[in-house]
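Notes follow the structure.
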Amino acid sequence: MKKPIILGLALLLAGCGGYHKAKREVGRSAAPRTISAPIAITPNANTSAGATEASYQAPDVKPFANGPIQRACANSDRKARSRELCGCIQAVADETLSNSEQSRAVGFYKDPHSAQEVRQSDDLSDERFWKTYTNYAKSAERICR
């Protein structure tokens with residue numbers, strides 16, 4: 001009886017992201033953060049030696065969220081923007097940036113030169129923000145491209 005209960009609890013924790021997520025959220029706003037991504041399984045026919053086998057492969061689905069960075073991205077004049085890319089970038093931002101850091105990053109869409117000023121600033125808070133922002137940008141590049 002213990003094994004099914006422990007297995008059920010492990011699956012529940014794995015499904016919700018586990019304990020580490022709660023620790024990471026300490027000090028951030030209490031607003032819920034969700035990433036929505038449809039999950040679909042499509043059959044791929046595989047024929048070899050006259051036999052037909054159906055194999056299933058999940059499509060490459062990127063996370064999506066609405067928020068301030070998604071709106072700024074969608075309203076920007078960048079050529080590569082798309083609804084999917086902007087939503088994915090927002091989803092990554094929700095996982096890596098606080099609300100105030102997201103608000104600050106929105107300014108980079110309106111005034112790209114301000115990003116250069118923050119990057120070159122000697123102010124300690126600007127340096128901390130820039131390190132966090134570059135980690136977010138690397139994650140967004142890896143996940144959304």
Side-chain angles (χ1 to χ4, degrees), residues 3-48 52-145:
K3 286 183 182 179
I5 292 173
I6 292 172
L7 179 60
L9 288 173
L11 289 173
L12 179 67
L13 280 174
C16 72
Y19 179 70
H20 70 281
K21 224 177 187 181
K23 285 174 78 174
R24 188 171 56 222
E25 293 298 321
V26 171
R28 290 192 175 179
S29 69
R33 295 197 167 131
T34 59
I35 297 176
S36 60
I39 298 174
I41 299 176
T42 56
N44 296 322
N46 182 11
T47 57
S48 60
T52 302
E53 295 178 16
S55 63
Y56 292 92
Q57 182 178 8
D60 186 24
V61 178
K62 309 236 184 298
F64 185 89
N66 290 312
I69 291 179
Q70 183 267 337
R71 286 188 297 276
C73 172
N75 292 330
S76 72
D77 60 353
R78 305 225 174 24
K79 289 181 190 176
R81 78 176 189 277
S82 69
R83 182 180 185 280
E84 293 78 19
L85 178 61
C86 293
C88 182
I89 290 169
Q90 178 66 54
V92 175
D94 286 346
E95 293 297 317
T96 57
L97 299 175
S98 68
N99 289 342
S100 63
E101 290 167 336
Q102 287 186 35
S103 296
R104 194 168 181 190
V106 165
F108 296 162
Y109 283 93
K110 297 174 184 171
D111 180 18
H113 181 68
S114 66
Q116 186 72 2
E117 291 172 350
V118 170
R119 186 181 74 82
Q120 293 178 336
S121 172
D122 291 331
D123 184 58
L124 186 59
S125 66
D126 285 345
E127 289 176 11
R128 274 191 298 236
F129 170 74
W130 190 253
K131 185 174 182 177
T132 303
Y133 182 78
T134 55
N135 288 336
Y136 147 72
K138 287 175 187 174
S139 295
E141 177 83 26
R142 187 182 73 252
I143 293 168
C144 299
R145 290 283 176 180

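If you read the sequence from its start, that first residue is 1, and numbering goes on from there.
- Lys131 and Thr134 make their closest contact through O-OG1, 3.0 Å (heavy atoms, listed as atom of the first residue, atom of the second, distance).
- Pro63 approaches Ala91 most closely through the heavy-atom pair CB-CB, 3.8 Å.
- Rounded to the nearest 0.5 angstrom, Glu127 CD and Arg119 CZ are separated by 12.0 Å.
- Across all their heavy atoms, Gln90 and Pro68 have their closest contact at OE1-N, 3.4 Å.
- For the pair Ser76 and Tyr109, the tightest heavy-atom approach, listed with the atom from each and the gap, is CB-CD2, 4.1 Å.
- The distance from atom OG of Ser139 to atom CD1 of Ile89, rounded to the nearest 0.5 Å, is 12.0 Å.
- The minimum heavy-atom distance between Arg78 and Pro112, with the atom names listed, is NH2-CG, 4.2 Å.
- Within the 3.5 Å criterion, the main-chain N or O of Arg71 finds a donor-acceptor partner in the side chain of Asn75.
- Using a 4.5 Å cut-off on side-chain heavy atoms (C-beta onward), Thr96 and Thr132 make no contact.
- Nearest heavy-atom pair, Cys86 versus Arg81, reported as atom, atom and distance to 0.1 Å: SG-CB, 4.2 Å.
- Between Asp123 and Arg128 there is no salt bridge, since none of the side-chain N atoms of the basic residue sits less than 4.0 Å from a carboxylate O of the acidic one.
- The shortest side-chain heavy-atom distance between Cys88 and Phe64 does not fall under the 4.5 Å cut-off.
- With 3.5 Å as the limit, one finds a donor-acceptor pair spanning the side chains of Asp94 and Gln102.
- A heavy-atom distance below 4.5 Å is found between the side chains of Leu85 and Arg145.
- Note that CZ of Phe108 is 10.5 Å distant from CD of Gln116, once rounded to the nearest 0.5 Å.
- Within the 4.5 Å cutoff, the side chain of Glu101 has heavy atoms near those of the Phe129 side chain.
- The shortest side-chain heavy-atom distance between Ile69 and Val106 falls under the 4.5 Å cut-off.
- Side-chain contact between Arg104 and Val118 is present, with heavy atoms from C-beta onward closer than 4.5 Å.
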